[in-house]
Every structure is written in C-alpha cells, then in structure tokens.
Amino acid sequence: MHRRTMILAVWFTMLSTSLLAQAPIPDWCRALPRPEYKSLERVPVSDPWFEVYKPASGVFAIYEPHQAEETIAYLIVGDKKALLFDTGMGISDIKKVTAELTKLPIIVLNSHTHDDHVGGNWEFTTVYGMDTDFTRKNAEGSHEDAQAEITPDQICGILPKGFDPKAYATRPWKITAYIHDGDRFDLGGRTLEVMATPGHTPDAISLIDRAHGLLFTGDTYYPAAIWLYRPETDLDAYAKSIRRLAALAPQIKLVLGAHNIPVAQPSVLPRLVAAFDAVRAEKVAASPESAGKVLYKVDDISFLMRAPSTH
Ligand SMILES: [Zn+2]
C-alpha cells in the first residue's frame with residue numbers, strides 16, 4: 001500500500017495540537033473499528049497507539065488504527081526466537097510493544113520496504129533484507145513519504161505523547177544480512193519460509209508457516225484496495241507472484257495481510273488472480289480516484305492503479 005506524496009508545507013503549520021484537534025474526522029476513521037476485529041482475541045499492551053490481536057497461536061498482529069494506512073506488523077513467536085514481520089510506521093515505539101509480548105530474541109524481516117512497514121527497523125539489531133537496490137536505497141531512510149503520512153486527513157485520534165511531527169522521518173537502518181527466495185527461518189518449533197513475491201515492490205516477500213497453514217502476504221494481498229500505482233510497482237511481476245500464492249491456497253488455513261484486517265480466507269487467492277487477470281484484460285471498468293489513479297473493483301477485491309494513458 002502506499003501514501004500520497006505531496007501536500008506538506010500547508011499541513012506542517014496545521015499540525016500544532018490545537019489545530020489538529022479541530023481538523024474534520026476523515027471518512028476512513030469514521031468506519032473504525034472494523035467489524036472483523038470483534039471476533040479476534042485482543043492482547044492488552046501499554047501503548048494506546050497500537051492495538052494487538054492474536055489471529056493464530058503464537059502470532060500477534062500489531063495494528064496501527066490511528067493512521068490511514070492501518071498498517072499491521074506481525075510478531076511470530078517460536079520456542080527460541082521470534083520474528084517481527086514489519087515494524088510499522090515508526091510513529092510510536094514498536095520495540096517496546098514487542099518486549100511486552102515476548103522475552104525471546106527478535107529478528108526483523110520486512111514484507112517490503114515502503115515507509116509504513118519499516119518505521120521501527122532502526123530500533124532492532126537484527127534486520128534482514130532482500131538483496132535488491134530498492135531495499136538498499138530505502139534503508140538509507142527518507143523524510144518525504146513519512147511526512148505525507150501525518151497530514152490531518154491521515155490521522156484518526158491523537159498522535160502519541162511526545163511525538164514530534166516536524167522531525168518525523170523514516171530513520172535509516174542497517175541490513176544485517178540478505179535473504180533470498182526459499183530461505184527458511186527456524187524459530188524453534190516453528191519454521192518460516194521466504195517466498196519472493198515481487199510486484200508491489202521489487203523486494204516484496206511473503207512468509208509461509210507450512211506446519212500451521214499460515215501465509216503472511218504483506219502488501220501483495222490484504223483485504224482492502226491493493227495499491228499498485230507507484231513507479232516501483234511491476235504489474236507483470238505482480239501477476240506471476242499472485243499465481244505462486246494462489247497455488248498454495250489448498251495448503252493454507254489463514255492469509256494474513258499487512259493492512260486494515262489481519263485475517264482472510266485462502267479462497268481469496270485464486271479469486272485475486274482472476275480479478276487481476278480481468279483488470280489486465282480490460283474487462284473491468286475503471287473508476288477515477290485521485291489524480292492519475294483509478295480503482296478497479298471485482299466483487300470484494302480492488303486495485304488502485306495508474307490511470308491508463310490517454311494517448
Ligand atoms: Zn507498500
């Protein structure tokens with residue numbers, strides 16, 4: 001998924017607490033909480049910026065409902081180690097949350113390196129990365145994408161105490177080692193396998209826990225409009241990647257995406273392929289969204305994409 005890139009200067013001045021309190025409540029915020037969360041076990045944590053749920057045994061979904069991305073990071077716990085799949089927005093302290101959930105050593109892996117998934121990377125000592133130039137560039141940190149995440153239309157409720165909007169940026173992090181398609185992480189009693197699923201970004205991966213039937217799909221699939229409009233998005237690669245995921249559907253019990261809602265049924269994966277094929281075959285009408293972007297909708301699956309060129 002991704003953020004808008006511009007705006008900024010005007011909003012900087014509006015971000016003083018008093019003005020933010022007067023900002024109109026964005027539509028996406030009015031729709032919360034999403035009904036799917038009612039049936040999930042909630043795990044209390046001390047930081048009100050995060051909500052934590054337990055969608056499967058040994059899996060914590062760390063959700064950020066106060067920002068429009070509604071990013072979800074996953075802490076996947078084995079007997080000896082835990083793996084944190086994404087580190088959220090970096091608006092509040094995700095490391096502190098993970099320390100309340102497990103005492104085991106934590107390794108970090110990112111579903112991809114868009115700013116809303118790597119915000120807390122800098123806090124951790126072991127961060128694996130895909131061996132791509134896109135990953136290396138993003139690990140240098142950035143300011144602009146982060147700033148676009150905290151305009152008043154992107155915030156639901158209040159920012160964490162002590163958060164400094166002007167200083168907010170994606171902080172650089174060190175890549176400990178590179179990972180590749182097929183690599184496995186043994187957490188003790190739980191093995192996670194890396195599947196390269198490029199498309200949304202060149203470094204997009206999914207994680208499979210075969211023994212427990214779990215598939216973590218990052219931004220390759222989540223139950224909301226899938227953002228496929230950025231320059232780094234490769235639609236041919238995406239088409240191939242979702243086929244690989246769909247082939248796994250019979251072995252999977254639960255699909256866990258990186259935004260909005262942490263649970264989806266595996267039957268959505270073959271439907272995702274069919275929906276995307278229909279879009280690419282120009283069988284789906286495009287409805288205009290913001291400048292240069294259109295939304296394609298096939299039943300409950302939708303894609304936010306670049307508007308087709310008119311010449
Ligand atoms: Zn993304």
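Side chains included, hydrogens not; waters and symmetry mates left out as well; all remaining heavy atoms used.
- Using modelled atom types, one finds no donor on one side chain facing an acceptor on the other under 3.5 Å when comparing T87 with E123.
- The NE2 atom of H200 sits 12.5 Å away from atom CG of D234, with the distance rounded to the nearest 0.5 Å.
- For the residue pair I72 and H259, the shortest heavy atom distance occurs at CD1-C, 3.7 Å.
- If you take OG1 on T170 and CD on E149, they are separated by 8.0 Å, rounding to the nearest 0.5 Å.
- Under the 4.0 Å criterion applied to side-chain N and carboxylate O atoms, D181 and R244 are assigned as salt-bridge partners.
- Taken from NE2 in H180 to CD1 in I205, the straight-line distance is 11.5 Å, to the nearest 0.5 Å.
- Between I242 and Y238, the closest side-chain pair of non-hydrogen atoms falls below 4.5 Å.
- For S241 (side chain) and A237 (main-chain N/O), a donor-acceptor pair under 3.5 Å exists by modelled atom type.
- Listed for the D186 side chain is a donor-acceptor partner under 3.5 Å among the backbone atoms of G188.
- Atom NE2 of H117 is separated from atom CG of N110 by 9.0 Å, given to the nearest 0.5 angstrom.
- Between A264 and P223, the shortest heavy-atom distance links the atoms CB-CG, 4.3 Å.
- The backbone N or O of E144 lies less than 3.5 Å from no partner atom in the side chain of S142, so there is not a single donor-acceptor pair.
- Residue F85 comes nearest to I76 through the heavy atom pair CB-CD1, 4.3 Å, listed as atom of the first residue, atom of the second, then distance.
- The aromatic ring centroids of Y128 and Y178 lie 6.0 Å or more from each other.
- Without hydrogens or angle criteria, R306 side chain to G292 main chain gives no donor-acceptor distance under 3.5 Å.
- At distances below 3.5 Å, at least one donor-acceptor pair connects side-chain atoms of Q67 with backbone N or O atoms of E69.
- Residue D209 holds its CG atom at 10.0 Å from OG of S57, rounded to the nearest 0.5 Å.
- Taking all atoms of both residues into account, the shortest heavy-atom contact from M130 to A196 is CE-CB, 3.9 Å.
- A61 and P262 get closest at one heavy-atom pair: CB-CB, 3.9 Å.
- When the options I208, D183, L214, L187 are evaluated for a side-chain contact (heavy atoms from CB on, under 4.5 Å) with L192, the one that passes is L187.
- Proximity of a side-chain donor or acceptor of Q147 to a complementary backbone N or O of P165 within less than 3.5 Å is detected.
- Contact check on R280 versus D236 returns a salt bridge, with a Lys/Arg side-chain nitrogen under 4.0 Å from an Asp/Glu carboxylate oxygen.
- In this structure, the ring of Y53 has its center no less than 6.0 angstrom from the ring center of F60.
- Counting only distance, with no hydrogens or angles, the side chain of E51 and the backbone of E64 share no donor-acceptor pair below 3.5 Å.
- Here the CG atom belonging to D116 is positioned 5.5 Å from the CE atom belonging to M89, to the nearest 0.5 angstrom.
- Without hydrogens or angle criteria, T217 side chain to T220 main chain gives no donor-acceptor distance under 3.5 Å.
- Among the candidates D299, D277, D300, the single residue satisfying the salt bridge (charged side-chain N to carboxylate O under 4.0 Å, His left out) test with R271 is D300.
- T113 and N138 share a donor-acceptor pair across their side chains, judged by distance under 3.5 Å alone.
- Here the two rings, on Y74 and F216, have centers that are under 6.0 Å apart.
- Classified by interplanar angle (parallel below 30°, tilted 30° to 60°, perpendicular above 60°), the ring pair Y37/Y63 is parallel.
- Ion pairing between D203 and R136 fails under the 4.0 Å rule for side-chain N and carboxylate O.
- Listed for the Y221 side chain is no donor-acceptor partner under 3.5 Å among the backbone atoms of L269.
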